[in-house]
Every structure is written in structure tokens, then in C-alpha cells.
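Because the structure is predicted, anything quoted here is derived from the model rather than measured.
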Protein chains: 2
Amino acid sequence: MTQVVVNGHASTLDEVARLAGVSKATASRALNGRSKVSAKAQAAVVDAARELGYTPNGAARSLVMQRTGSVAVILPESDERVFSDPFFARMLHAVARSLRERDLQLVLLLAQPGDEDRMLLYLRGRYVDGAIVASHHRDDRLAEHLSDLGLPCVFIGAPWIGAERVPVVDSDNAGAAAQAVRVLIDGGRRTIATIAGPRDMRAGHDRLAGWRQELDAAGLDSNRVAHGDFTEHSGTTACAELLDADGGGDIDGIFAASDLMALGAMRELGARGIRVPDDVAIVGYDDLGVAERTQPPLTTLRNPIDQMVTEAVRLLVEAIAQGGRGAPRRVVFVPELVRRDTV
Amino acid sequence: MTQVVVNGHASTLDEVARLAGVSKATASRALNGRSKVSAKAQAAVVDAARELGYTPNGAARSLVMQRTGSVAVILPESDERVFSDPFFARMLHAVARSLRERDLQLVLLLAQPGDEDRMLLYLRGRYVDGAIVASHHRDDRLAEHLSDLGLPCVFIGAPWIGAERVPVVDSDNAGAAAQAVRVLIDGGRRTIATIAGPRDMRAGHDRLAGWRQELDAAGLDSNRVAHGDFTEHSGTTACAELLDADGGGDIDGIFAASDLMALGAMRELGARGIRVPDDVAIVGYDDLGVAERTQPPLTTLRNPIDQMVTEAVRLLVEAIAQGGRGAPRRVVFVPELVRRDTV
DNA sequence: ACCGATGGTGGAATCGATTCCACCGCTGCT
DNA sequence: AGCAGCGGTGGAATCGATTCCACCATCGGT
């Protein structure tokens with residue numbers, strides 16, 4: 001950083017142009033490089049800009065370009081959850097990488113319940129070119145609001161309300177859960193419980209549905225269900241609940257809707273001296289790191305987050321380029337089974 | 001939401017004014033309410049605005065007001081850490097609350113190593129009115145850059161470089177660590193080890209220094225040190241390292257530089273059949289929730305995050321109001337000892 | 001020697017808000 | 001009756017960039 005702020009205020013294009021001895025128009029062209037500028041003028045402008053420490057004023061630029069160069073990631077989720085669920089960390093990491101490649105700035109908006117109005121005001125003020133929304137609850141009307149707003153957006157995971165009005169990138173939660181059940185059945189398990197996610201979240205709901213459907217299809221019992229909230233602790237609690245219920249001792253297979261809950265369950269099983277996979281086989285969901293490190297390593301379904309995010313960013317950039325006039329598209333990825341040692 | 005986008009584009013103040021039958025000037029005054037407007041005009045404008053679903057264009061507004069109404073929180077930290085350390089969750093929660101009261105929008109910028117230049121570009125583009133920076137490493141030059149930039153900012157935790165050039169809100173890490181040591185000594189402990197944080201982070205460095213200083217002052221050994229990275233897992237590892245070192249069996253007190261590391265250490269002690277606090281007393285640091293839930297509940301130092309954040313936001317708002325011309329101030333909070341059952 | 005293409009350039013319009021300033025019609029006081 | 005004062009109003013300037021458009025050289029081709 002060699003440039004210095006010359007006087008109190010940030011320097012403007014006008015000053016750069018004056019110092020370089022050209023017009024504002026030429027200075028702008030020289031710095032943006034879209035149009036032809038003589039080598040002499042080019043050099044003069046670049047030098048002047050460096051000397052003054054010039055950076056274009058974002059507001060002025062957005063005003064005329066109708067673009068800001070930044071996109072929002074919206075997480076309508078309590079911040080405890082955002083900061084405890086590895087899903088978000090992985091997702092944001094992928095989004096950041098993906099946006100970087102396209103020279104866009106990531107702006108993270110935490111939509112606390114109640115703070116939603118301010119956030120919508122921000123979005124309507126066009127401070128960002130588009131938004132990626134991930135994980136939200138049953139009563140969330142964000143999809144409708146964004147659609148009304150005409151702001152380009154992509155949802156990761158289908159919203160409950162208004163899903164048909166916005167582009168969605170999703171994974172086949174139900175199909176994946178069915179896959180998990182099939183593996184357990186193929187492994188000879190017959191009394192298969194599930195530790196489900198929250199009922200008011202798509203992922204929780206669909207994974208439970210898939211589990212149930214596959215068991216019903218196989219003519220097996222599908223009433224051993226305990227709900228958690230995707231955290232390790234809730235997995236432990238839910239597992240205890242399952243084991244302590246009527247006939248809980250018969251359980252020989254568990255499908256947990258997240259690896260963290262599977263981990264919690266394994267702790268509970270271990271505490272009771274129940275062996276995995278000898279006595280009870282277990283399949284998790286996510287494969288974001290924890291699954292490899294459990295004892296024994298966890299068989300799980302790989303949540304295709306990176307692929308989903310890449311696709312979401314692609315769709316968003318497309319939507320922005322078209323001015324948000326494209327038809328809502330829908331892309332679904334299929335999680336892959338990762339066999340380890342718990343089944 | 002009753003308003004509708006009438007045609008393809010977002011509506012402008014000009015359209016609102018036309019519909020209300022007044023001039024742009026009056027419309028603006030009616031909506032912002034700083035100046036007197038007749039009741040009739042007022043009503044007409046408000047109605048028109050609602051009917052058109054008008055929201056002011058952020059770029060245009062920032063351009064003339066020289067304010068954006070949003071401030072950045074910058075976390076120069078790998079995203080794994082941001083999303084695993086409860087410190088950040090708590091901090092962001094407090095920041096969000098504090099900004100909400102002042103009608104400011106929080107914009108979170110994740111400064112991945114390597115992505116820093118883009119972030120600086122964003123800040124120089126004046127997309128935000130100010131920035132709060134938390135937790136950064138030894139070689140981070142952010143303080144200098146921000147100071148050069150003239151962008152109002154406040155650091156939570158003093159940076160290694162350029163701390164004298166920016167306002168800082170800090171906590172007395174060294175003093176708190178000394179306090180922890182004193183409690184252990186007062187409890188009759190004589191062989192006191194520490195599980196320190198990373199050397200290249202202020203909090204890690206200062207807590208270690210405080211521990212050492214207090215032990216030296218008491219004439220006790222200060223060479224039982226193992227380093228972790230504030231995570232639970234690293235606490236377990238570090239604890240094992242301490243116990244396995246020469247004379248590790250003599251240890252009767254441990255100061256861990258974070259509650260998570262203390263928790264990890266307690267797991268390791270438990271695994272070895274060492275009782276807490278009977279055989280080894282332990283003091284943690286942070287008190288952000290985990291400490292209450294350990295077995296037994298952890299004696300620790302309460303990191304005054306909420307107070308620090310409140311003060312930081314206050315200072316930032318002040319700096320923004322003054323156009324960043326105030327002298328760099330420095331405020332230090334003193335962590336409070338929370339006695340529980342591990343000492 | 002004249003006539004298009006170019007390649008560069010600067011003036012002016014534009015984006016959408018806020019706000020200064022001049023002005024207008026009242027009221028109320030002398 | 002005349003004039004100061006004030007509540008309200010609209011025209012125009014302003015913020016700082018991009019870009020259209022008109023214009024001027026210069027160059028090559030007939």
C-alpha cells in the first residue's frame with residue numbers, strides 16, 4: 001500500500017482526471033479498460049489513481065451501473081444454530097469460494113426473528129445484486145417476499161411456502177433416507193428406529209418421510225421415532241428416549257438425520273454398553289467431517305453441499321445477468337452413501 | 001405486505017411524487033419527516049409510497065447522504081474457527097442486538113486469508129459506514145489499513161500491529177489469568193500448569209503471560225505449559241501432554257485459557273481416573289455457557305463480551321458521527337471470577 | 001487531392017435520492 | 001394599510017461515477 005489519502009476526504013475520479021490531465025470520461029475508460037484509450041493517457045491515469053489512492057465510490061458506481069458487485073447470504077436461523085451446525089460453516093465456505101471466483105463480495109445477513117423487516121428494507125434498498133437463502137422454517141415467508149421484491153435469489157433447500165416462485169437447489173433428502181434404511185435392511189436389521197430432525201425444517205421432515213416410506217414398503221414397523229434438533233446433545237437424549245420406550249431393547253438399527261445426532265446416539269449406546277455395529281447398526285447424515293472421526297467411523301450419506309452451492313451461485317449469477325426475469329428453476333442433487341464401519 | 005411492484009422496475013421517488021401530486025422535494029420531506037409538510041401532502045405522499053411499494057434506492061441515498069446505514073463486522077479468521085468458537089456466536093449476537101437499537105444493518109465480512117484485498121476494496125468503496133474488527137492474528141495489518149483508509153472502526157481485542165492508531169475495546173486477559181492462578185494458590189495448589197491458547201493471538205499470549213507472572217511472583221514453577229487452539233479437542237491433547245511430561249503426575253492445578261479446552265482437559269483427567277477438583281483443580285476462561293454444563297460445573301473467568309460489544313458499538317457510532325476524526329480511545333474491561341465446583 | 005474509416009477524446013446526460021434557496025400566500029402586529 | 005415573519009412548496013444543485021454522442025485527428029485507399 002503505497003498510496004496515501006492526500007487530504008481529509010477520499011479522492012474522486014474528477015481529481016484523478018485533473019491530475020492526469022484528461023477528462024473524467026477518459027479516466028473512467030482507462031481504469032475500467034472496456035474501451036480504447038491511448039497508451040499515454042492510460043499510464044497517466046493509472047499513475048494519478050495510485051498517487052491519490054483512488055477507489056471508486058461504491059454508491060456512485062452502483063447508482064449508474066445498477067449493480068453493486070455483492071450478494072447476500074441470508075440465514076433465517078438463530079445464531080446459536082448458525083454457529084454450531086457444521087452445515088453452515090461448510091456452506092459458507094463454499095459460497096465464499098464460489099463468489100470469489102466471480103469477483104463478488106459476500107455479505108452475510110443474519111436474519112434474527114424480529115429483525116426481518118430491517119433485512120427486507122436492506123434488500124429492497126438494492127444494496128446487493130442478489131441473495132442466497134439457506135435453511136429456514138416452516139412459517140418463513142421469505143420466498144414470497146423476495147419474489148415480490150423482484151430481487152434475484154436462489155434457495156438452498158426448498159422453502160415450505162412459495163417454493164414454486166423461486167429457483168431452488170435441493171438435495172433428495174427423502175431418497176437418501178430411504179437409501180439409509182435399505183442399507184440397514186440389507187445388513188439384516190429388522191427393528192429400525194430413527195432420530196429425526198425438527199419437524200418444521202424441510203430436511204428434518206423429508207428425511208423422516210423417506211425413512212418411513214422405505215420401512216413401510218418393506219413391511220417393517222415405522223413407529224420408533226424420536227425428534228432432535230440436529231445437535232449432538234439432542235441425539236443423546238433422543239437415543240435414550242428410543243431405548244427406554246416400549247420394546248426399545250429390540251432396536252437393532254438406527255437412522256439419524258444428522259451425523260452429530262448419530263454421534264450423540266453412539267455416546268448413549270456406549271454408555272449403556274451396547275455395541276456398534278454388533279448390537280445396533282447406525283447410519284448418519286451429512287459427512288462433513290465428524291463422521292470420519294467417530295469411534296467406529298460412521299456410515300453416512302454425503303450431503304452434497306459443495307455441489308449445491310456451486311450450482312446455486314451459478315443460477316444466481318445467471319438470474320442477475322437476466323435481471324431476474326428467468327423462470328424459476330429447480331435442481332436436485334442425490335446424496336451418496338459413504339460406507340464405513342457402523343453398519 | 002400490501003404493496004405491489006407496478007411494472008418491472010422498482011419505483012422511484014419521482015413516481016411517488018407524481019402520484020401524490022407534489023414535487024420530489026416535498027415527497028422526500030414527507031417520507032423523512034425532518035422538515036414541516038402540510039398534513040394533506042404528508043398523507044398523499046405516504047399513500048402513494050405504499051401503493052407503489054416504494055423503498056428508497058440505497059445507492060442514491062448513500063451517495064448524497066455520505067452514509068449507508070450499515071456497519072461491517074470483520075472476522076479475520078478461518079471459517080472453521082468462526083463457526084466453532086462460541087466466542088464469535090456470542091459476540092455477533094451482541095453486536096446484532098446493539099446495532100438493531102441504533103437502526104444499523106450488520107454486514108458480516110469473512111476475511112479469508114487471501115481474500116483480504118477484495119475486502120479492503122469493499123471497505124474503500126464506502127459500502128459501510130464503519131467496521132468492528134474482532135480477533136486477528138499477529139501478522140495482520142488490518143489496523144494500519146483501516147487507519148490509512150480513514151474508515152471509522154473499533155477493534156475488539158488489541159491488534160498486534162498498529163494498536164495505537166485505532167480505538168480498541170479490550171479485556172484484561174493477563175490480569176484475569178493472574179486472578180485464576182491466585183484462586184488456585186489460595187486453594188492450596190502448588191504445582192500449577194496451563195493449557196495456553198495460540199501464541200499468535202493476543203488472548204492466548206496475554207493469558208499465558210498473566211499465568212506466568214503470577215506464579216513467578218508467588219515463587220512457584222512456571223514451566224508447565226502446553227498449547228492448544230481454544231478447541232475442546234486441543235484441550236484433551238494438551239492435558240495428556242502435560243500429564244505425560246516429566247513430573248506431570250505432580251500437577252494439582254490447571255489454568256485453561258478457554259472453557260472448551262478446560263472441558264477437553266476434564267475429559268482426559270476423567271479418562272485417567274483423576275478426580276476434579278479433589279486431585280486436580282481447574283479454572284477455565286470465557287463462561288459462555290459450556291462452563292455451567294460441565295461435570296462438575298467449571299470455575300472460570302467471565303469474558304465480558306456483552307459489555308465490550310456494547311462499548312465498541314458506542315465508540316463506533318461516535319466515531320462515525322465525528323467523521324472518524326476522534327482520537328483513538330482505549331477501554332479495558334476486567335473479567336470477573338465465577339466460582340463453581342472445580343477448584 | 002479528396003473521402004471514408006478508424007481511434008481517441010471531452011462535454012453532457014444519467015442514475016435517484018437529499019437539500020439549499022428563492023418564493024408565495026397567510027397571519028398578526030403596528 | 002403596510003410590513004415582518006413563518007409555514008409550505010418547488011426548482012435546481014449536488015453527490016460521484018458511467019456512457020452516449022458528437023467531434024477531431026490521422027491514415028490508407030482511389
Of all the choices, [options], which nucleotide is nearest to the side chain of [X] once you look at every atom?
X: A:Leu63; options: C:dG8, C:dC15, D:dT18; answer: C:dC15
X: A:Arg29; options: D:dA17, D:dC20, C:dT19; answer: D:dC20
X: B:Ala41; options: D:dT19, D:dG16, D:dT9; answer: D:dT9
X: B:Lys24; options: C:dC15, C:dT18, C:dG10; answer: C:dT18
X: B:Val22; options: D:dG16, C:dG10, D:dG10; answer: D:dG10

According to a strict under-4.0 Å criterion, is [X] in side-chain N/O contact with OP1 or OP2 of [N]?
X: B:Tyr54; N: C:dA17; answer: yes
X: A:Asn32; N: D:dT18; answer: yes
X: B:Ser38; N: D:dT9; answer: yes
X: B:Thr26; N: D:dG10; answer: yes
X: B:Ser28; N: C:dT18; answer: yes

Report the distance from atom [atom1] of [X] to atom [atom2] of [Y], rounding to the nearest 0.5 Å.
X: B:Arg118; Y: A:Leu104; atom1: CZ; atom2: CG; value: 8.0 Å
X: B:Phe88; Y: B:Ile305; atom1: CZ; atom2: CD1; value: 9.5 Å
X: B:Tyr127; Y: B:Leu121; atom1: OH; atom2: CG; value: 8.0 Å

First of B:Ala25 and A:Arg61 reached from the 5' end of DNA chain D, by closest nucleotide: B:Ala25
Which residue lies more 5' along DNA chain D, comparing B:Ala60 with B:Gly21 via nearest heavy atoms: B:Gly21
Whole angstrom is fine here: how far is it from [atom1] in [X] over to [atom2] in [N]?
X: A:Gln66; N: C:dA17; atom1: CD; atom2: C1'; result: 13 Å
X: A:Lys36; N: D:dT26; atom1: NZ; atom2: C1'; result: 16 Å
X: A:Asp14; N: D:dT18; atom1: CG; atom2: C1'; result: 13 Å
X: A:Leu13; N: D:dT19; atom1: CG; atom2: P; result: 12 Å
X: A:Asn57; N: C:dC15; atom1: CG; atom2: P; result: 18 Å

Test side-chain contact (heavy atoms from CB on, under 4.5 Å) applied to A:Val309 and A:His93, step by step: CA-CA 10 Å; A:Val309 165; A:His93 184 80; over 6 Å; no
Over all atoms of both residues, closest heavy-atom pair of B:Arg202 and B:Pro159: NH1-O, 3.7 Å
